[in-house]
Amino acid sequence: MPLPKFEYLSPKSLEEALQLLADRGEGTHLLAGGTDLLVKMAHGHLKPRAVIALKQIDALGGIRFDPGKGLFIGATALLDEVASHPDVKAHFPSVAYAAQQTANVQIRNMGTLAGNLCNAAPSADNAPVLTAMGAEAVIAGPKGERRVALDRFFKGPGQTVIEPGEILTAVHVPVIPSGFGTSYQHVSPRGKVDIAAVCVGAMVGMDGATCKEARIVLGAVAPVPMRAEKTEALVRGKALTPEILEKAGRQASEEARPISDMRAGAEYRKRMTAVLTGRALKQAAEAAAN
Amino acid sequence: MVLLHIIVNGRGYDLQVGADPHQVDPAHTLAYTLRETLGLTGTKIGCNHGGCGACTVLMDGVPVLSCLTLTVECDGREIVTIEGLSPPEGNDLDPLQRAFMDHGAFQCGFCTPGIILTAKHLLDRNPSPDAETVEEALSGNHCRCISHYQVVQAVLAAAGTEADRDED
């Protein structure tokens with residue numbers, strides 16, 4: 001079943017890709033793994049005039065880890081590469097876990113982590129924990145490179161700060177500081193066969209039993225993955241006792257602004273936000289202790 | 001003239017990119033090319049938008065959805081379809097194919113090629129999986145005849161770890 005016709009372009013360098021993007025203008029779309037773009041084209045929601053494939057650009061591929069600078073996940077790095085990369089598993093276990101929990105085997109062999117962020121679904125598995133960890137999008141454009149922290153990257157369902165003419169080249173994840181731990185938690189009523197109904201990413205800094213810093217990001221309960229700032233303030237400076245975790249969960253569910261849809265009702269999403277926030281904080285604190 | 005060189009089931013094909021009937025248009029998916037250009041109709045197109053897994057083929061050894069793969073992106077790649085699983089000469093079936101028949105792991109059989117190829121990759125990586133690992137690996141392959149229970153049994157049988165099923 002052929003898709004709607006389009007001009008296919010396969011540049012070898014980022015400069016060439018940016019030039020093609022500028023030349024072709026409106027109606028030009030970028031293709032990495034294709035697991036979102038081709039679905040939209042198959043459904044007829046999107047009829048690109050031109051498609052610029054990014055896979056032939058070596059500079060956009062691969063995963064690099066530097067103990068000082070952190071992790072760089074290239075725009076065309078596959079979800080399976082992220083999930084199975086030894087440095088990601090060793091130094092950023094929640095990043096590897098979130099990639100591993102995304103979709104299924106086939107999609108992880110085709111889709112990219114960067115594409116999961118650019119598609120900007122509120123439920124994107126890879127967004128919450130990366131946002132909590134202070135990861136940033138590295139974006140190239142006609143005027144050079146800029147970096148945008150992920151908590152300012154998403155603008156709405158399917159919308160990001162990426163401007164026409166720009167290309168997300170990599171995702172940069174800072175090194176997790178000593179004494180900090182991370183966690184990703186998610187739930188889907190239909191298990192592996194559907195996207196998350198609620199997902200939570202957390203990073204906490206611990207001083208013994210006391211939480212000195214916390215970043216909590218809720219997914220699929222608002223138009224964009226959202227920081228639960230009141231919940232962060234609530235746990236800061238406190239020992240993460242079962243009582244505090246329960247309070248934090250309640251606070252997070254108050255901050256969440258879910259809708260009801262075919263996947264879950266708003267009330268279910270609020271309750272699961274509470275449960276998953278407690279679990280994420282607990283697991284992140286345990287990871288911080290190790 | 002842009003040429004694509006694609007190896008399918010061990011045989012090399014040089015395909016021209018273009019708009020003529022025998023050529024590959026950029027809008028052609030690998031599933032379309034396999035079926036309509038190369039005549040390999042063992043690959044099935046179910047939902048045609050990446051939801052069902054019926055069109056799964058192995059690309060460089062790993063399962064991908066051929067309905068969401070552009071053929072123009074397959075230059076230099078090695079594809080295995082269900083036709084390539086057992087050698088064309090003789091009557092040898094892959095142990096997975098044999099096990100699926102022995103366990104009645106299908107009714108209509110439409111999803112079977114994709115399931116068997118996904119399972120093939122699992123057993124290549126993990127020769128003795130437990131039932132949960134099989135279920136996880138096959139979570140991207142859907143069967144509307146509800147043959148999933150027999151499918152898991154068949155994969156475990158092909159791996160020789162059928163006893164794991166009794167622990168459920």
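Lettering of chains follows the sequences in order, A, B, ..., and the numbering in each one begins at 1.
- Going from atom CD of A:Gln106 over to atom NE2 of B:His121 covers 9.5 Å, rounded to the nearest 0.5 Å.
- Residues B:Ala27 and A:Pro4 approach most closely at CB-O, 3.7 Å, considering heavy atoms.
- The two residues B:Leu68 and A:Met110 come nearest to each other via the heavy atoms O-CE, 3.6 Å.
- In this structure, A:Asn109 contributes its side chain and B:Val64 its backbone to no donor-acceptor pair below 3.5 Å.
- Ranking B:Thr69, B:Leu70, B:Val17 against chain A, the residue ahead of the rest is B:Leu70, based on heavy-atom pairs under 4.5 Å.
- For the atom pair CD1 (A:Ile107) and CG (B:Leu65), the distance works out to 5.0 Å, reported to the nearest 0.5 Å.
- Of the atoms belonging to A:Leu31, it is side-chain heavy atoms, and not backbone ones, that fall under 4.5 Å from chain B.
- In terms of heavy atoms, A:Val105 sits closest to B:Ala137 at CG2-O, 3.4 Å.
- Looking at every heavy atom in both residues, B:Ser139 comes nearest to A:Asn104 through OG-CB, 3.8 Å.
- Scanning both residues, A:Tyr8 and B:Pro26, for their nearest heavy atoms gives CB-CB, 3.5 Å.
- Contact of B:Thr118 with chain A is made through the side chain alone, with heavy-atom distances under 4.5 Å.
- Of all heavy-atom pairs between A:Ala32 and B:Glu73, the closest is O-OE1, 4.3 Å.
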